[in-house]
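As structure tokens, the structure follows; a few thoughts come after it.
Convention: sequence-line order gives letters A, B, ...; per-chain numbering from 1. Since this is a predicted model, take the numbers as computed values, not measurements.
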Amino acid sequence: MDFLNELNKSQLEAVTYTDGPSLVIAGAGSGKTRVLTYKIAYLLTQGVSPASILALTFTNKAAREMRRRIGELVGFQTSRYLWMGTFHAIFSRILRNEASLIGYTKDFTIYDTSDSKSLIKSIIKEMKLDDKIYKPGNIHSRISSAKNNLYTAQDYVKNPDFLKSDIQSRIPRTGEIYAIYANRCKQANAMDFDDLLLQTNILFRDHPQILAKYQHSFAYILVDEYQDTNFAQYLIVKKLAERHERICVVGDDAQSIYSFRGANIDNILKFQQTYRNARLFKLEQNYRSTKNIVKAANSLIDKNSEQIRKNIFSEKEEGNLIQVTSVLTDFEEAFNVANSIARLQKTENLTYSHIAVLYRTNSQSRVMEEALRKQNIPYRIYGGLSFYQRKEIKDVISYFRLVTNSNDEEALKRVINYPARGIGDVTVDKLSSTAQLHGVSIWSVLHDMLKYNLNVNAGTATRLAQFRDMIDVFAAQIDTLDAYELADSIVKTTGVIADAMNDRSAESLSRVDNVQELLKAIHEFSENKRKEEHAETVTLTDFLSEVSLLTDQDTEKDENEDKVTLMTIHAAKGLEFRCVFIVGMEEQLFPSPYAETPREMEEERRLFYVAITRAEENCFISYSKSRFRNGQTNFANPSRFLKDIDRKFLEYNDEVSTTTDKNAFFNRWDDEVEIERNRFRQNSFRPASSEPLKEPAQPRKLKKMSPSTESETPVENTNLPVGTFVKHGIFGIGKVIKTTLADGNEKAEIDFGEKGVKSLLLKFARLEILK
DNA sequence: TGTGGATGCCTTTTT
DNA sequence: GGCATCCACA
């Protein structure tokens with residue numbers, strides 16, 4: 001047990017306390033993973049059987065990494081028997097084992113979010129509701145959050161609160177949709193992501209002997225990132241831990257940033273109320289960052305009221321102050337960052353992979369990419385379309401799904417006419433409504449078209465039968481043929497990518513590549529499983545049961561290349577970089593305008609906390625006066641969160657353009673923007689170093705009016721009659737007193753009160769009309 | 001049954 | 001501005 005020497009006092013205490021429930025509050029960079037892995041290793045060396053340890057994480061990556069590290073400590077022959085994985089992976093495994101008890105078969109499909117939405121959309125259509133009002137995405141998130149809080153469809157329709165809220169939102173029939181959705185999932189032998197947790201709860205609730213079995217078998221339960229658990233997860237863990245009460249949860253309330261996915265920070269805040277005899281361990285030494293960064297982050301998070309107080313400290317050097325830079329435009333911000341990266345990389349003994357650029361929203365990546373490309377700085381961008389979301393991959397996998405589970409309605413709808421085989425929407429609708437009428441799956445209808453009186457012409461019937469028979473041939477081989485061979489045969493026979501194969505365009509080539517990649521992955525999966533588990537045949541069903549729970553982070557390949565990392569702050573949680581740039585530190589962006597309640601605002605602040613604490617040595621923050629977003633230029637003030645950091649940890653840079661490639665930069669700008677730049681300068685609209693954050697009396701957001709292009713008849717006349725009140729970026733609120741036409745340009749005289757009467761060209765002035 | 005032009009919409013997303 | 005989606009048309 002030499003490895004215990006590597007722990008500090010509080011880590012050691014947390015690791016060796018195994019008699020009852022414990023809560024480990026692990027500050028950023030405090031060695032959380034180390035505590036978890038060592039604790040499990042410690043249990044194993046104490047003679048606890050690996051199969052009686054359940055360790056739950058939120059990502060496959062975290063689980064894999066932890067298993068690997070435990071394996072290094074105690075041997076891989078031991079670590080492989082641990083029940084270690086994501087909530088979803090572990091409980092889908094248990095649900096497959098017990099499927100028959102809850103009306104499923106063990107090869108049930110897992111619907112991903114787009115399957116769920118598409119099914120909901122069909123239901124809305126079938127109910128003859130307007131999908132502009134009943135937006136599938138919105139309905140899905142309501143259902144999802146109901147499930148996360150363990151309300152079944154029956155609970156939902158019975159609950160007057162839901163109905164009241166749905167009526168208020170003008171979608172009173174949401175409950176009905178939920179009920180139908182649940183039925184259809186069941187009929188399709190499919191579970192969505194939320195079902196994996198909901199159905200587990202139902203299983204445990206309705207089958208006490210099953211619960212008892214798992215309670216008995218899991219002598220120790222450990223949960224990582226406990227601050228991100230939702231109610232469904234909380235209850236599963238609580239139920240499972242009831243017998244032994246040997247549960248250890250690890251997390252950091254200050255890093256709870258997933259409430260929008262149902263995570264409930266109360267789970268961690270109130271852990272000690274749930275488990276009265278729980279021990280609390282606080283890991284407060286930060287091994288990652290310099291003193292300055294840690295203190296700055298502390299001073300920020302201190303402004304939150306809901307938290308477990310802790311004293312995070314660093315023993316590393318004082319380090320550099322956090323650099324805060326203000327710029328005029330988002331382009332300039334991006335070029336500044338690119339320049340700084342180039343400089344750091346040359347002078348500071350940093351490689352690109354030590355550097356990350358973090359932002360609040362994915363859309364901010366574009367301008368950043370552009371700047372990095374111009375400077376020839378290699379980067380890797382996270383987020384965006386995942387491998388498994390790509391059309392060609394979804395198509396191929398849908399065939400696999402249909403072969404494995406022919407009741408999978410979403411898969412069937414996706415491939416029944418892809419590639420085109422003369423089965424159109426009309427036919428699919430007939431199939432679907434016939435199936436609904438008889439309460440069976442579409443597949444059942446296909447198998448007995450006569451019995452169900454499917455009203456199609458002979459040609460269509462033949463084509464349907466051909467499709468059905470093709471799938472049946474594959475299905476007959478599902479248990480005997482190797483996953484890769486069957487997959488390969490499906491891809492070839494169905495011709496899913498035949499059109500791409502015949503096409504030489506870059507897009508088609510990449511589609512073919514992606515499918516090859518998928519086949520390769522199946523091959524590897526099958527080989528590995530054969531080797532590791534001495535399985536005789538690895539079937540496509542085996543592969544599918546894992547693949548639906550995989551994400552892009554599990555398929556990252558170029559991790560070792562020297563590139564700058566670009567990602568959202570959410571995606572950066574758990575990572576660390578010597579140097580971190582946080583861009584777009586502006587009101588209306590960060591905090592997100594969607595954060596309305598104090599609780600949501602605190603979550604945004606935690607998100608900023610997460611961003612800062614990613615940095616080991618250097619942290620650069622920037623904000624821009626203007627930003628091009630959603631097709632228009634918006635003006636913004638510095639983020640309120642900057643004021644939450646103690647001034648003494650920051651250094652403000654009053655940056656004017658440091659852009660080297662001025663031409664490239666200005667080419668992006670038309671006269672209009674030039675004028676705005678000058679206005680800013682004239683108005684000294686820059687934070688002086690002494691008073692960096694004095695907010696200018698300026699409206700937060702200004703919507704540009706549609707620019708009047710030459711050919712168009714100006715509409716401003718109708719929009720801007722005399723007497724209209726408008727808002728201007730610099731002058732504030734004013735009243736239109738006169739409109740004229742000069743050289744074909746609309747001009748308005750506007751009285752801005754104290755600021756005087758201004759004559760503005762509407763083409764240039766960004767005015768917001770106040771109603 | 002496939003395409004194109006108009007329309008609408010935009011946060012974060014470990015599973 | 002960019003993307004997905006939808007309806008109108010050939």
Query raised in the report: First contact, last contact: which nucleotides of DNA chain C are these for chain A, 5' to 3', heavy-atom distance under 4.0 Å?
Result: C/dG1 to C/dC6
Query - More than 12 heavy atoms of other groups within 6.0 Å of A/Lys239 NZ - result: no
For a quick check under 3.5 Å, do [X] and [Y] share a side-chain donor-acceptor pair by atom type?
{"X": "A/Ser624", "Y": "A/Glu333", "value": "no"}
{"X": "A/Thr541", "Y": "A/Asp107", "value": "no"}
{"X": "A/Arg414", "Y": "A/Ser118", "value": "no"}

Look at all strands and tell whether [X] reaches a base, only sugar-phosphate, or nothing, counting heavy atoms closer than 4.0 Å.
{"X": "A/Ile90", "value": "nothing"}
{"X": "A/Gly574", "value": "nothing"}
{"X": "A/Ala420", "value": "sugar-phosphate"}

[X] [atom1] to [N] [atom2]: how many Å, rounded?
{"X": "A/Asn230", "N": "B/dT14", "atom1": "CG", "atom2": "C1'", "value": "12 Å"}
{"X": "A/Asp112", "N": "B/dT14", "atom1": "CG", "atom2": "C1'", "value": "15 Å"}
{"X": "A/Glu65", "N": "B/dT14", "atom1": "CD", "atom2": "C1'", "value": "15 Å"}
{"X": "A/Ile569", "N": "B/dT13", "atom1": "CD1", "atom2": "P", "value": "10 Å"}
{"X": "A/Leu575", "N": "B/dT14", "atom1": "CG", "atom2": "P", "value": "12 Å"}

**Report entry** Nucleotide-resolved protein contact map, nucleotides 3-12 of chain B, B/S/- at heavy-atom distance under 4.0 Å
**Finding:** -------BBB
Query raised in the report: Which sits closer to the 5' end of DNA chain B, A/Leu196 or A/Arg421, going by the nucleotide each is nearest to?
Result: A/Arg421
Query raised in the report: For A/Tyr214, what residues pass the side chain to side chain donor-acceptor pair (under 3.5 Å) criterion, not counting sequence neighbours?
Result: A/Glu98
Query raised in the report: Checking side-chain hydrogen bond (donor to acceptor under 3.5 Å, both in side chains) for the pair A/Ser169/A/Arg142: CA distance, chi angles, key distance, verdict?
Result: CA-CA 11 Å; A/Ser169 310; A/Arg142 280 179 185 246; 2.8 Å; yes
**Report entry** Row check, A/Tyr418 ring normal vs A/Lys391 NZ/CZ: under 6.0 Å, within 45°
**Finding:** yes
Query raised in the report: Can you check whether A/Tyr178 and A/Tyr181 have ring centres sitting under 6.0 Å from each other?
Result: no
Report summary line: Exactly one candidate in A/Val223, A/Thr57, A/Asn230 meets side chain to side chain contact (heavy atoms under 4.5 Å, CB included) with A/Phe87; the answer is A/Val223
